[in-house]
Amino acid sequence: MQKRALAPDVLKLLACVGVIVIHISGNGLDLFPIGSFSYLSSAFWDSLARFAVPVFFMCTGALMLPPERSLTAGTVWKKYFLRVLIILLFWSWAYYMLVVAGQYLLIYWAEENFFLNSITHTLRFDHFFHLYYLQILLLLYALLPVLRVFARAAGEKEMRYALGAWAVLGLAFPLLRQYPPLEWLGGITGQYDINMAWSAMGYAMLGYYLNTREASHFSVRGSALLFAGGFAVTFGGTVAASLLTGETVIAFMEGMSPGPAMMAAGLFCLVRRLCGSRSSSARIARLVKASFAVYLVHMAFVMVLRQFGLSLTLLSPLISVPVETAAVLALSLAAWWVLSKIPIVKDHLI
């Protein structure tokens, strides 16, 4: 049996924590005046964690695109696509009902026909916002057989060309066409960009490509500088654009934009270099399994803690973001432990 590589597991765990940081710190961009220390602190943490979702997609590509892995289209649809679809629909419905229950407990009001509405919203894919990752993952799984053909057939030049085209049309152009001189372009050029959902395919290919390189080829310093440069673009661009416009501009934080892409690539290379060819342990593999459940449930605890007054206003966000992240992570792991004891849930819903 092939051993489980350590690097993808470490990356998944870091990405899981990053997602929690994003959903906690992002609230500060709405709470505090633009340019204030609290606002900048919130933007700092939010920007620092923006590698998270790109890294998830990169790990999917690294693990599922290698030609040597036996993975038919039927297997992808039955084993992966269907499982994620069931999980997405269930948790979307659960969050809708959680909001309904919260409204009733707090203000003694429940919307009319809330149960029917919960089913309708779930089937329409009008889902709770943090579940967008699973919606894109379904698209990635649907296209996985085609991406595997390309990964198998493409040479070095073709792969680099494809990644270059994605970097231009999927990362840079969607962001820069809002500013001079690209904003002056007209005609059909406005449709040149690869939108967010489809751009995730590029991350899968990037993860696969970087994973085919020897870990020793990656420089610790170069990888760290790439991450730092990506952070500078993300944080600096967000703050500068927000100060200039007088309202929060999140375009530089979007997962399919240059800053987060640089951070994700830098972190991917750095972790691969540091982990080398080492294998993952049973404990780490178990944590990775738990991390998916953490992703699913953590927003429930974020919302509950806010209702109990644990928000970024209690302390400076510079301190409160990591403190609240640790609390939400601990609660989410406890929830995973409970859910993992329920047969149907542990096998099909987390």
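Keep in mind that this is a model prediction, so the values were computed, not measured.
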Minimum-distance pair of heavy atoms, taken over all atoms of Val10 and Cys275: CG2-SG, 4.0 Å
pair Met205-Leu147: side-chain heavy atoms closer than 4.5 Å: yes
Asn195 backbone acceptor or donor facing Ser199 side chain under 3.5 Å: no
Side chains of Tyr209 and Arg160 in contact at under 4.5 Å (non-hydrogen atoms): yes
Contact check, side chains of Leu185 and Arg177, non-hydrogen atoms, under 4.5 Å: no
Same apolar cluster (I L V M F W Y, side chains within < 4.5 Å links), Ile22/Val17: no
Full working for ring-ring contact (aromatic ring centres under 6.0 Å, His included) between Tyr203 and Trp166: CA-CA 9 Å; Tyr203 278 120; Trp166 163 70; 5.0 Å; yes
Side chain proximity check, Thr122 to Ile119, heavy atoms < 4.5 angstrom: no
Common cluster, Leu175/Ile250, ILVMFWY with side-chain heavy-atom separation under 4.5 Å: no
Heavy-atom closest contact (Met256 atom, Ala200 atom, distance): CE-CB, 3.6 Å
Heavy-atom side-chain contact between Glu214 and His217 under 4.5 Å: yes
Shortest non-hydrogen contact between Cys269 and Ser223, atoms and distance: CB-OG, 3.3 Å
Got a list of side-chain donor-acceptor pairs under 3.5 Å for residues 294-301, not counting sequence neighbours?
residue	atom	partner	partner atom	Å
Tyr295	OH	His130	O	2.6
His298	ND1	Val294	O	3.3
His298	ND1	Tyr295	O	2.8
His298	NE2	His23	ND1	2.7

Short side-chain to backbone donor-acceptor contact, Ser257 and Glu254, under 3.5 Å: yes
pair Phe125-Ser92: side-chain heavy atoms closer than 4.5 Å: no
Test item: Trp45 side-chain N/O and Leu318 main-chain N/O as donor-acceptor pair under 3.5 Å: yes
Ser47 side-chain N/O to Phe44 backbone N/O, donor-acceptor pair under 3.5 Å: no
Heavy-atom donor-acceptor pair, Asn211 side chain to Gly207 backbone, under 3.5 Å: no
Donor-acceptor under 3.5 Å (Asn27 side chain, Leu312 main chain): no
Trp336 to Ala293 - nearest heavy-atom pair and separation: CD1-CB, 3.5 Å
Any side-chain heavy-atom pair of Ile284 and Leu13 under 4.5 Å: yes
Sidechain-backbone polar pair: Ser291 side chain, Cys16 backbone, donor-acceptor under 3.5 Å: no
Side-chain touch Met303/Leu98, heavy atoms, less than 4.5 angstrom: yes
Heavy-atom pair with the smallest gap, counting every atom of Phe173 and Leu169: CB-CA, 4.2 Å
More than 12 heavy atoms from other groups under 6.0 Å of CD1 on Ile344: no
Cluster check Leu82, Leu131: I/L/V/M/F/W/Y, side chain < 4.5 angstrom: yes
Same cluster (ILVMFWY, side-chain, under 4.5 Å), Leu88 and Leu139: yes
Show me the donor-acceptor pairs within less than 3.5 Å that the side chains of residues 49-77 make with the rest of the protein, sequence neighbours left out.
residue	atom	partner	partner atom	Å
Arg50	NE	Asp46	OD1	3.0
Arg50	NH1	Met253	O	3.3
Arg50	NH2	Asp46	OD1	3.0
Arg50	NH2	Asp46	OD2	3.4
Thr60	OG1	Phe56	O	3.1
Arg69	NH1	Leu63	O	2.9
Arg69	NH2	Tyr80	OH	2.7
Thr72	OG1	Thr75	N	3.2
Thr72	OG1	Thr75	OG1	2.9

With sequence neighbours excluded, residues passing salt bridge (charged side-chain N to carboxylate O under 4.0 Å, His left out) with Arg213: Glu156
Verdict with supporting geometry, Ser38 and Ser36, side-chain hydrogen bond (donor to acceptor under 3.5 Å, both in side chains): CA-CA 5 Å; Ser38 293; Ser36 66; 5.1 Å; no
Qualifying residue, where the test is ring pair (Phe, Tyr, Trp, His ring centres under 6.0 Å) with Phe128 and the options are Tyr96, Tyr95, Phe90: Tyr95
